[in-house]
Engineer: 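Here's a structure for you.
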Amino acid sequence: MSRSDSFTIATWNINSVRLRRGLVESFLTTHAPDVLCLQETKCLNDQFPAKAFAKLGYEHVALNGQKAYHGVATLSRIPFATVDRRDFCRMGDSRHVETTVDVAGTRLRIHNFYVPAGGDEPHPAINPKFAHKLQFLDEMRQITTDTGEHDAALLVGDLNVAPLENDVWSHRQLLRVVSHTPVETETLEDMRTGAGWLDLMRLRVPPSEKLFTWWSYRARDWAASNRGRRLDHIWGSDALEGALADMSVLTEARGWEKPSDHVPVVARFAL
DNA sequence: ATGACGATCCCAGATCGA
């Protein structure tokens with residue numbers, strides 16, 4: 001590809017891709033990212049509506065699905081150079097798919113993650129789901145930004161942790177709520193910095209401002225109460241900081257008909 | 001916020017999400 005190409009990536013926890021195929025189609029048509037990373041697809045690979053997305057130009061798809069739970073998928077208009085999937089915690093869950101694409105002479109590695117939610121009780125000794133989440137985050141330390149000289153890397157997805165005080169509607173009230181407990185936020189931030197990742201969303205929106213990507217289905221009026229959390233993330237290797245041209249959270253998507261409880265996050269780079 | 005919602009699956013109440 002030529003020098004100085006624009007590259008756009010989006011990440012979206014879709015909460016069933018079959019139920020919300022129309023929303024994905026509408027998003028792809030309107031926002032036209034080069035790559036879309038989906039989480040919680042909740043279907044087997046042969047049930048994934050790949051043909052519908054191929055019709056819109058997304059001919060390349062890397063799937064890691066399972067029945068009813070979890071599942072990730074990466075859709076692309078650009079051919080994948082490589083595709084890989086990793087198992088974490090030896091659980092056999094479908095929570096990661098890794099692809100590479102070549103853009104403007106750069107090989108871009110894209111990790112798409114769905115980190116375990118962690119259950120209700122934030123104590124690993126009494127809640128195996130929370131222990132699994134912490135172990136998963138610990139194993140993610142091996143996903144580093146180490147790439148070749150002309151390469152760059154992205155790590156995106158639903159990480160199920162809101163690390164900063166303004167990543168939740170009330171820091172004080174959520175300190176003992178799973179997704180914002182100190183052990184989670186510290187583990188996530190230590191893992192992120194240790195592996196060399198930059199929190200690209202927070203390079204654009206200062207930590208002093210509230211920033212959410214998820215709002216509970218249980219609120220009577222999600223927009224009025226605005227009790228959100230930033231659970232979805234776009235991380236990048238050093239080379240991508242200077243290349244970041246635009247970053248947006250598509251808050252309006254939470255108000256669409258039969259919405260996901262998460263909204264898309266979009267980043268554009270001038271590579 | 002210990003959930004009023006929503007999705008899934010051997011179709012109906014349990015389980016999961018966060």
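Chain identifiers are assigned alphabetically (A, B, ...) following the order of the sequence lines, protein sequences preceding nucleic acid strands; residue numbering begins at 1 within each chain. Fair warning: this is a prediction, and the values are worked out from it, not measured in the lab.
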Engineer: Using a strict 4.0 Å threshold on nitrogen-to-oxygen distance, state whether A/Asp87 and A/Arg90 make a salt bridge.
Structural biologist: no
Engineer: Can you check salt bridge (Lys or Arg N to Asp or Glu O under 4.0 Å) on A/Asp190 and A/Arg141, steps first, answer last?
Structural biologist: CA-CA 9 Å; A/Asp190 188 62; A/Arg141 291 175 195 275; 2.7 Å; yes
Engineer: Check the side chains of A/His96 and A/Arg86 for a donor-acceptor pair under 3.5 angstrom, ignoring hydrogens and angles.
Structural biologist: no
Engineer: Can you tell me how far P in B/dC5 sits from the matching atom in B/dC11, rounded to whole Å?
Structural biologist: 24 Å
Engineer: Judged by modelled atom types alone, do A/Gln39 and A/Asn112 share a side-chain donor-acceptor pair under 3.5 Å?
Structural biologist: yes
Engineer: If you only use heavy atoms from C-beta on, which nucleotide in B/dG6, B/dC9, B/dT2 is closest to the side chain of A/Ala68?
Structural biologist: B/dC9
Engineer: Need the glycosidic conformation of B/dC11: syn if within 90° of 0, anti if not. Which one?
Structural biologist: syn
Engineer: Calculate the interatomic distance between A/Gln47 atom CD and B/dT8 atom C1'; express it in whole Å.
Structural biologist: 11 Å
Engineer: Nearest nucleotide by nearest heavy atom, which residue falls closer to the 5' end of DNA chain B, A/Lys67 or A/Lys258?
Structural biologist: A/Lys258
Engineer: Taking B/dC9 as the reference, what is the distance to B/dG3 when you measure between their P atoms (whole Å, please)?
Structural biologist: 27 Å
Engineer: Taking only nitrogen or oxygen atoms into account, show me every contact under 3.5 Å that the protein makes with nucleotides 16-18 of chain B, one pair per line with its distance.
Structural biologist:
unit_1, atom_1, unit_2, atom_2, d
B/dG17, O6, A/Arg218, NH2, 2.2
B/dG17, N1, A/Arg218, NH2, 3.0
B/dA18, OP1, A/Glu40, OE1, 3.1
B/dA18, OP1, A/His262, NE2, 3.3
B/dA18, OP2, A/Tyr114, OH, 2.7
B/dA18, OP2, A/Asn160, OD1, 3.4
B/dA18, OP2, A/Asn160, ND2, 2.9
B/dA18, O5', A/Asn160, OD1, 3.3
B/dA18, O3', A/Arg229, NH1, 3.0
B/dA18, N6, A/Asp120, OD1, 2.8

Engineer: Taking atom C1' in both B/dA18 and B/dA7, what distance in whole Å separates the two?
Structural biologist: 14 Å
Engineer: Closer than 4.0 Å, any side-chain N/O of A/Arg176 to the OP1 or OP2 of B/dT2?
Structural biologist: no
Engineer: Just checking A/Trp169: base, sugar-phosphate only, or nothing, at a heavy-atom cut-off of under 4.0 Å?
Structural biologist: base
Engineer: So which heavy atom on A/Trp222 is nearest to which on A/Thr251, and how close?
Structural biologist: CH2-O, 3.7 Å
Engineer: C1' atom, B/dG17 versus B/dA4: distance in rounded Å?
Structural biologist: 16 Å
Engineer: Taking B/dT15 as the reference, what is the distance to B/dC10 when you measure between their P atoms (whole Å, please)?
Structural biologist: 15 Å
Engineer: Over all strands shown, is A/Leu174 touching base, sugar-phosphate only, or nothing at heavy-atom distances under 4.0 angstrom?
Structural biologist: nothing
Engineer: Classify A/Arg172 by what it touches in the nucleic acid, base, sugar-phosphate, or nothing, heavy-atom distance under 4.0 Å.
Structural biologist: nothing
Engineer: Count the heavy atoms belonging to other residues, nucleotides or ligands that lie under 6.0 Å from CZ of A/Arg21, then report whether that count exceeds 12.
Structural biologist: no
Engineer: Grab the CG-C1' distance between A/Leu175 and B/dA1 for me, whole Å please.
Structural biologist: 13 Å
Engineer: Scan side-chain atoms only and decide if A/Asn15 and A/Ser260 contain a donor-acceptor pair under the 3.5 Å cut-off.
Structural biologist: no
